[in-house]
Structures are given as structure tokens and as C-alpha cells.
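A quick write-up on the structure given underneath.
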Amino acid sequence: MSGQQETGQAVSETEQTAPEQAPDETSSGHGGGRSALLQGSMGRNAGLVLALLALGAVGYITAGDRFLNVDNFMTIFRAAAVIGVLSIGMTFVITGGGIDLSVGSVMGLSTVWASTLATQTMAEDTHWIVMVLTALAVGTAAGLVNGVLIAYGKVVAFIATLAMMVAARGLAEMISNRRTQIVEVDGFLDFFRADVLGVPVLVWMFALVAVVGWVLLNRTTFGRRTVAVGGNPEAARLAGIKVQRHTMYLYGLAGFTAGIAAVMMLARTTAGTSTNGLYYELDAIAAVVVGGTLLAGGRGTIVGTVFGVLIFSILRNVFTQNNMSISAQAVAQGVIIVVAVLLQQQFAERSKRKA
Amino acid sequence: MVTADPTAPMLQMHGIVKTFPGARALDGVDLEVRPGEVHCLLGQNGAGKSTLIKVLAGAHQPNEGTILVDGEPITITDPVTALGYGIATMYQELDVVDGLSVAENIYLGHELARAGFTQRRSLTRRTRELLERLGHGDLSPHAEVGNLSAAGKQIVSMARALSHDARVIVMDEPSAVLDSGEVENLFRVVRELTSQGVAIIYISHRLEEIREIGDRITVLKDGSTVATNLEVADTPTAELIRLMTGKAVDNTFPELPGVPAGAEPLLEVENLELADTFSDVSFTVREGEVVGLAGLVGAGRSEILETIYGARRATGGTVRVGGSPLRTGSVPRAVRAGIGLCPEERKSQGLILDEAVYRNITLPSFDRFASGGFLNESAERAAAEEQVVALDVRPTDVDRTVRTLSGGNQQKAILGRWLVQGCRVLLLDEPTRGVDVGARAEIYALIRSLADAGAAVVVVSSEIEEVLGLADRVLVVSEGRIVHEGPSSSIDEHGVLDLVMEGSAA
């Protein structure tokens with residue numbers, strides 16, 4: 001509302017309550033608070049919905065009924081599910097002011113570890129849940145290693161997770177000898193490849209992770225801590241929040257979601273290989289950022305992330321339906337990321353000016 | 001460079017109006033600056049000082065009004081034009097690049113280069129000349145700016161202004177980041193500059209500084225000039241405050257009721273030590289008592305507070321809260337014991353600026369509004385609203401982002417945070433920094449009423465007057481040691497300064 005605010009940062013951000021601005025303040029009094037925030041996030045989500053509809057329209061115009069049918073939509077969702085689960089974990093890390101480049105590799109490692117001959121034999125002998133637990137344990141452990149390095153070792157997140165990205169991939173290759181390990185545990189495949197109410201289990205899993213993620217971020221102390229730590233770690237620390245421990249948990253959580261994604265990947269491809277999840281971290285980061293989570297931390301949106309994931313999945317589907325090359329797809333993806341971030345900055349600018 | 005007639009104004013601004021969507025930031029400002037004078041610009045936060053500076057610096061274009069340099073009307077379209085007319089601006093947050101050397105910073109943007117290659121030798125030579133003009137030949141042109149103190153960075157910033165042949169330098173609260181010794185040095189440099197005919201537009205909240213360095217004063221209020229070209233020597237402080245606030249202010253500090261005889265000690269600090277920073281710090285604060293720590297910046301006052309609070313790990317000594325020992329070194333433990341800290345840097349250490357007011361108020365305590373990890377935001381909001389009313393935070397809407405509050409109201413929000421938490425020991429580090437004159441009195445009254453309600457309060461302030469006016473008892477800290485302890489009535493500003501200077505000379 002005030003030009004002084006907009007440009008006043010170098011000098012003083014406190015000129016807000018100046019008498020001359022009093023009338024303006026009352027007029028935006030309602031807008032300045034919760035309702036405006038709501039409008040803001042609804043505005044952003046509306047933009048995402050619009051983008052989805054536009055993509056859908058392009059799909060329908062170019063591919064007609066091949067695009068617009070239930071089976072194709074299930075294909076889109078199934079394709080979105082794995083990246084989607086990774087993206088939910090990534091949303092927490094980024095909201096908390098961090099980044100995790102290792103989730104793709106960690107997921108790959110988890111698929112390999114959960115599908116070794118030893119694990120599968122054990123699963124055959126006991127229960128297929130062993131494979132699930134293995135994947136979750138491997139993912140979580142790798143995430144916690146990231147977390148300890150970053151929170152207590154003070155290694156920059158970018159570097160620590162880059163190291164994990166390389167090392168986890170290497171470890172996966174060592175364990176698998178670079179061979180593809182076919183999943184032969186029928187119980188596992190039967191469970192995760194089934195449909196419930198006409199919707200694949202994998203899609204249900206994505207939906208469940210998204211809902212739990214939303215509740216965790218928006219309704220719990222864990223979520224509040226995440227936003228506080230990402231918004232201003234020093235203020236959080238001086239308010240008595242255990243910033244280091246929470247940071248560790250966030251990377252542990254990202255690793256845990258990588259474990260879930262690994263289970264889903266094993267079910268979808270019926271194989272564990274060291275190349276599973278290659279570049280998935282980049283897709284996940286792209287989905288999170290396009291969804292409206294601030295890369296700098298302090299503000300995150302699970303709903304936005306889900307939209308971000310869907311936008312990229314539909315894009316891929318539309319390109320595939322029209323037999324267009326993967327390369328053209330990649331270019332379009334790049335353009336979308338840049339446009340989304342530019343729009344986001346506009347929004348940020350405007351809301352700051354309004355404030 | 002000095003014009004023939006020394007009293008002929010070098011820079012004039014007439015009827016400057018600047019509007020922003022929904023706000024009239026400047027509404028007819030007049031300013032007249034003579035060569036070689038220190039012209040002080042006074043006004044509360046929001047009076048339009050920063051907008052005026054930005055108009056001068058070319059960051060804003062005025063909607064109406066004229067600017068004249070040497071009697072010729074000019075238009076300042078951007079910062080480069082401003083520099084071309086000899087108008088340089090030193091912002092409060094200095095715009096120096098930490099990773100570059102002193103010389104590189106001074107010539108940033110107009111590098112001495114031939115065919116793209118920097119001319120290192122002449123760069124060094126000319127930097128030395130500029131630094132000598134400022135009386136700082138001791139500063140090496142090759143020193144990395146990131147290693148300099150705030151005072152050093154200011155010198156670099158001023159040298160940069162000179163490198164553009166500046167005839168007017170605008171200084172926005174240059175003393176805010178300096179301790180008393182450095183302020184003296186700043187004044188020396190300012191006098192050096194004015195003796196060379198350079199005019200200074202000096203902005204400060206500290207009236208006593210203006211008295212010391214200023215020649216003439218222009219007062220802004222609500223975007224317009226309410227008084228201009230007042231001679232500093234002829235204008236009493238009370239008159240200045242009246243002009244700035246529009247009301248007469250006589251006594252800004254609340255009455256000290258005195259601590260009741262039987263008051264229990266709430267905070268006991270014994271032989272506290274932090275290696276290489278302070279040692280042998282012992283004092284007691286009783287309920288209802290305000291204890292002030294006076295001293296220079298860097299004397300260890302903030303560190304003492306942070307160590308009591310557990311944000312730094314003590315290397316020795318004990319802290320007791322309400323009689324029971326507190327194992328130091330952990331903020332959560334200190335908070336649980338009932339200690340709250342309002343940190344020195346409100347924005348970077350205290351607040352999550354883009355979060356709602358209520359979330360900032362419940363930042364240490366939101367756990368208590370949750371069951372099984374699930375937050376009860378309506379209870380949270382209610383608790384925050386209670387404090388907003390009790391502390392008179394304005395506006396009262398707790399859903400606003402805290403960024404939009406004024407400095408004083410942000411400070412109240414942080415105080416409210418500790419009241420929600422039920423803290424009985426409050427450590428306040430520079431509680432009125434960046435708070436304008438009117439709101440200061442409110443903060444003072446608030447601190448007093450918290451003490452009257454039974455809290456034990458420790459206040460650190462660089463403004464000796466504030467410590468003396470606010471505290472029941474004063475500790476003077478110098479070089480990490482307490483050099484004086486006594487009731488605030490037992491010592492005056494000069495006495496404190498004497499002690500402090502003695503200590504730092506030794």
C-alpha cells in the first residue's frame with residue numbers, strides 16, 4: 001500500500017504506521033490479514049488450475065478421445081504417483097529452508113536393496129512386507145545421514161545431498177552389480193498392482209501421502225516448526241525451537257518418502273535397478289517450485305505441489321499422445337519452470353507492496 | 001568547488017510532492033542546503049525522510065516540485081544522474097560488497113580501467129588520497145571490506161561518495177550502527193568534509209548528536225516541512241520534539257517506584273564467564289526490578305544476555321532462576337525456566353517477518369496450544385489477541401504479517417511472546433532500536449509495568465540516558481567486566497562515560 005514500504009527496506013521498514021497512511025491502512029485492514037493470505041494462496045492455486053485446464057484443452061484438441069478418457073487419466077495419475085510422493089517430502093525440505101538432491105538416488109538404492117535375492121527370499125519365507133520395510137528403512141537411513149551432516153556437521157545442504165546423490169547411486173550399482181533385479185514376490189506385486197474402486201493402489205498411495213503431508217504441514221507443531229525454521233532459523237533458535245534436530249527430521253522425512261516411492265517404483269516396473277529414479281530429484285524440485293513453495297524457505301504448499309506434479313504429468317502425456325519427442329517435452333518443461341517462477345516473483349512483489 | 005557566496009544555497013528543493021498508490025508520502029517538502037554545512041533532517045518514522053532521500057538519490061521521481069543545484073533547476077532521473085550533480089547517498093545498510101577490497105568498493109561502478117583492464121596502481125594511489133582526505137590514511141586500500149567494522153565500512157562509503165566528486169552527502173542514520181567512540185570519529189570525518197566545502201544532510205534520531213554536529217535543522221512531519229533552517233544553537237530540544245511529534249514531551253521515562261524491600265531474587269548470575277568475551281560477571285535481579293547494563297558496543301553486554309539465555313555456552317559460572325540452578329547452554333532449557341530474550345536485531349533474530357503476528361507471538365509456545373502434535377490455532381490466536389490488547393499493539397489484527405508493523409509494535413509483539421510463555425525474567429537487548437520517539441515512551445512504560453507486575457528485567461542499551469532513565473540499578477560493563485554497580489540515581493551520563501572510557505583505555 002505504501003511506496004515507502006516497497007522501497008523502504010534499505011532505510012526503514014517501519015514507516016508503515018505513519019499517520020498519513022492511516023486511512024489506507026484501515027482500508028486494507030481486512031485485506032492485510034488472513035483473508036488476503038487466503039486470497040493470495042487461492043490466487044496462486046487458481047493460476048495452477050488454469051494452467052492444468054489449458055494443458056487439458058491442448059490435450060483434447062490435439063488427441064481428442066485418446067486424451068480424454070478414464071484409462072488415460074489413470075495412466076497420468078499412475079505416472080504422477082512416484083514423483084508425487086517424492087515431491088511431498090521435498091516440499092517439507094524446501095519449506096524448511098533446505099534442498100535435497102539425493103531423493104532420486106536414494107529411491108534407486110531403496111529399490112535395489114528391497115529387491116536383492118536375499119531380501120526377496122526372506123520376503124517369500126515370511127511376508128512381502130519385508131520388502132516394504134527394507135525400502136523404508138534404507139530411504140529413511142539415507143535421509144537421516146543427510147540430516148545429521150547438514151544439521152550437526154554444518155555441511156551446506158546442496159553439497160551434502162549432492163554427495164549422497166552420487167554415493168547412493170554408486171552403492172546401488174555395487175549391490176545390484178548393475179543388473180536388473182526382477183521382483184518375483186507375488187504377494188507384493190498383487191497388493192501394489194491392484195486397483196481399489198477402479199483406482200490403482202499407487203494412486204491411492206500418492207493421495208494418502210499428500211493428505212498426510214497437508215495435515216502435517218498445516219495442522220501440526222511439526223509443520224509450524226518447519227515453517228519457522230525455514231522462515232528465520234535464528235529467530236526460531238532464539239525462541240527455543242530445536243532447529244538442528246528439526247532439520248535432521250526434515251531430511252529423514254524426505255528419505256522416508258523416497259522409501260515409499262521406491263516401493264511404488266518396484267510395483268510399477270516390477271524391477272529394482274540402480275538406474276531407478278535418475279533425475280527424479282530434479283522433477284520433484286521443479287514440481288515443488290512450480291507449485292508455489294518458496295525456494296528460499298518459510299512458505300510451503302502441499303496443494304501447490306500436487307498441482308505442480310500433475311502439470312508435468314499431463315504435459316508428458318500430451319506430448320506422448322501426439323508422438324512428440326522427449327526432447328521437445330524437456331524444452332516445454334524448462335519453459336514452464338521459468339514462467340512459473342517469474343509469475344511467483346510477480347506475486348511476491350505485489351503482496352509485499354500490498355503489505 | 002565552493003561557490004563564491006558561502007551562504008548561497010547549493011541545493012534547494014521546493015514543494016516536493018511524491019505520491020504512491022494510496023499514500024501521499026511527501027506533501028510539499030522544502031529543503032535548502034548550503035555548502036560546507038551539516039544540515040540535519042529530523043522527523044519521526046513515517047515523516048517522509050527516507051522518501052525524500054530517495055528523491056534526491058534518484059530512486060524516486062517526484063510528482064511535483066523543483067530541485068535546484070546552484071540555482072539551476074535539474075531533473076534527477078536515476079542514481080547516476082544524482083551522482084553527476086554531486087549528490088551522493090549513504091544508506092543505513094551500507095551498500096558495500098564484502099568480498100571486494102576497499103579500493104575496489106570505492107571505484108565500484110566507475111572502475112579505473114583501460115581497455116577493460118583495471119589499473120591497479122592508480123586505483124591504489126587515488127584510493128589513498130581519498131582516504132587521507134577523510135583522515136583515514138591508516139586504512140589499507142587492499143583490505144577486504146568484509147573484515148572491516150561498520151565504522152570502517154562507512155568510511156569506505158564516504159570515500160566512494162568523494163570519488164564521485166560529491167558536493168552533498170546524504171547520511172541516513174550513520175550513527176545507528178556505531179558505538180560512542182566510533183561516533184566521535186564519524187564526527188571528526190564529517191567536520192573534515194565540511195571544512196572542504198562538502199555539505200552533509202544528516203539524519204538521526206538522536207537529538208544530542210544533532211546538537212553536537214549539526215548547523216541547521218529541517219523538521220519533517222507527515223510528509224511536509226514543518227520548520228526549516230532552524231539554527232541548531234538557537235533551538236531548544238523540547239521545541240524540536242514538539243515540532244516532530246506535534247505535542248510537547250517533557251518526561252519520557254516512567255517514574256521509578258523503587259523495589260519493595262522483601263522482593264525475592266529471580267535471576268542470580270554468579271561469576272559467569274565466556275572465554276575471550278567477558279568474565280567474572282555477577283549480579284542479581286529481584287522481582288519488580290529493572291537492571292540496566294550500560295557500556296560500549298562490543299563491551300560484552302549482548303553476549304552476557306545471550307549466555308544467560310543459553311544461546312552461547314558459558315565457560316564458567318552459574319545462573320539461578322527463582323532459586324533453582326539453570327544449566328546454561330540450551331535455549332529451550334532457559335525458556336522453560338522462565339527466561340525470555342528480546343534480541344538486539346529484531347528483524348533478523350526476533351521475527352519471522354512473513355508470518356502472521358499471532359504466529360510470531362506464539363513462536364516459543366505453540367506447543368502448548370497443541371495436543372498430540374495437532375495445533376489448536378483458535379486458542380493460539382486468542383492468546384495472541386490477549387497480548388495484543390494488553391500491550392496495545394497496533395493494528396490489532398493478529399493475522400497481519402508482522403513485517404507490516406512498525407518497529408515499536410514489532411517490539412511489543414516480541415514482548416508479548418514472552419508473556420504468553422509466562423516468563424518472569426526478561427532480557428531486553430536494545431529494546432528501542434529503530435523505534436521512533438513517540439513509541440519509545442510506550443515501550444518504556446511497558447517495561448516498567450512488566451516489572452511492576454513482578455518480572456525481573458535486564459535492559460541493555462547503547463543509549464546511556466535510556467539505561468539511566470529506565471533502570472532501578474545500573475551495571476556498567478567495560479571490556480567484558482562489570483566496573484560499576486549501583487542505583488541509577490548514583491551515577492549520571494558523564495560518570496558512565498568516564499568509567500567506560502577509562503576501561504577501554506586501560
Side-chain angles (χ1 to χ4, degrees), chain A residues 1-21 23-30 32-37 215-216 218-225 227-232 234-243 294 298-299 348 351-355, chain B residues 18 20-25 27 45-47 49-51 53-54 59-60 91-93 95 172 222-223 309 311 331-332 334-335 341 343 347-356 359 363-364 366-367 370 373-375 394-395 397 399-401 403-410 417 434-436:
Chain A
M1 69 179 179
S2 97
Q4 287 182 336
Q5 174 66 15
E6 159 204 354
T7 48
Q9 295 194 333
V11 182
S12 156
E13 295 186 75
T14 57
E15 309 225 343
Q16 270 314 305
T17 49
E20 79 242 12
Q21 291 153 9
D24 194 59
E25 213 155 273
T26 41
S27 72
S28 76
H30 315 283
R34 182 168 28 146
S35 51
L37 276 179
V215 171
L216 192 61
N218 296 300
R219 289 285 179 266
T220 68
T221 53
F222 184 91
R224 180 67 65 77
R225 261 178 232 124
V227 175
V229 166
N232 187 346
E234 180 68 359
R237 183 178 80 100
L238 289 178
I241 291 173
K242 289 168 181 155
V243 173
L294 277 191
R299 194 188 311 146
S351 69
K352 216 171 241 174
R353 221 171 300 165
K354 239 186 240 163
Chain B
K18 175 68 192 172
F20 294 107
R24 207 169 168 87
D27 194 6
N45 284 334
K49 290 170 308 197
S50 29
T51 314
I53 300 174
K54 289 199 168 132
H60 288 332
Y91 289 106
Q92 203 171 353
E93 273 139 48
D95 45 355
D172 188 8
D222 301 347
Y309 190 59
V331 173
V335 170
L341 171 76
K347 284 176 192 154
S348 65
Q349 299 181 301
L351 296 167
I352 303 177
L353 287 170
D354 288 317
E355 279 273 68
R359 290 191 175 190
L363 190 63
F366 61 77
D367 268 319
F374 284 87
L375 288 163
R394 276 160 303 177
D397 178 4
D399 289 308
R400 273 182 95 96
T401 54
R403 183 190 289 281
T404 63
L405 266 53
S406 70
N409 285 303
Q410 289 180 346
R417 163 190 296 179
V435 174
D436 67 46

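In what follows, every heavy atom counts, from backbone to side chain, and hydrogens, waters and symmetry copies are set aside. Here the structure is a predicted model, which is why all the values come from computation and not from measurement.
Among residues two or more places apart in sequence or in another chain, the side-chain contact (heavy atoms from CB on, under 4.5 Å) test is passed with B:Ala311 by A:Arg237, A:Leu238, B:Glu306, B:Tyr309, B:Val331. Applying the side-chain contact (heavy atoms from CB on, under 4.5 Å) test to A:Asn218 and every residue at least two apart in sequence or in another chain returns A:Trp214.
If you measure heavy-atom distances from B:Leu341 to chain A, the contacts under 4.5 Å come from the side chain alone. Both the backbone and the side chain of B:Gln349 come within less than 4.5 Å of a heavy atom in chain A.
Contact count versus chain A (heavy atoms, under 4.5 Å) is highest, among B:Ala334, B:Pro332, B:Ala370, for B:Pro332. Note: A:Arg224 leads A:Glu234, A:Arg219, A:Arg224 in heavy-atom pairs under 4.5 Å with chain B. Listed options B:Gly350, B:Pro343, B:Pro364 were ranked by heavy-atom pairs under 4.5 angstrom with chain A; first place goes to B:Pro364.
A 4.5 Å side-chain heavy-atom check between B:Arg359 and B:Ile352 finds every atom pair outside the cut-off. With contacts defined as side-chain heavy-atom distances shorter than 4.5 Å, the pair B:Leu353/B:Thr401 does not qualify.
Using a 4.0 Å cut-off between charged nitrogen and carboxylate oxygen, A:Arg225 and B:Asp367 count as a salt-bridge pair.
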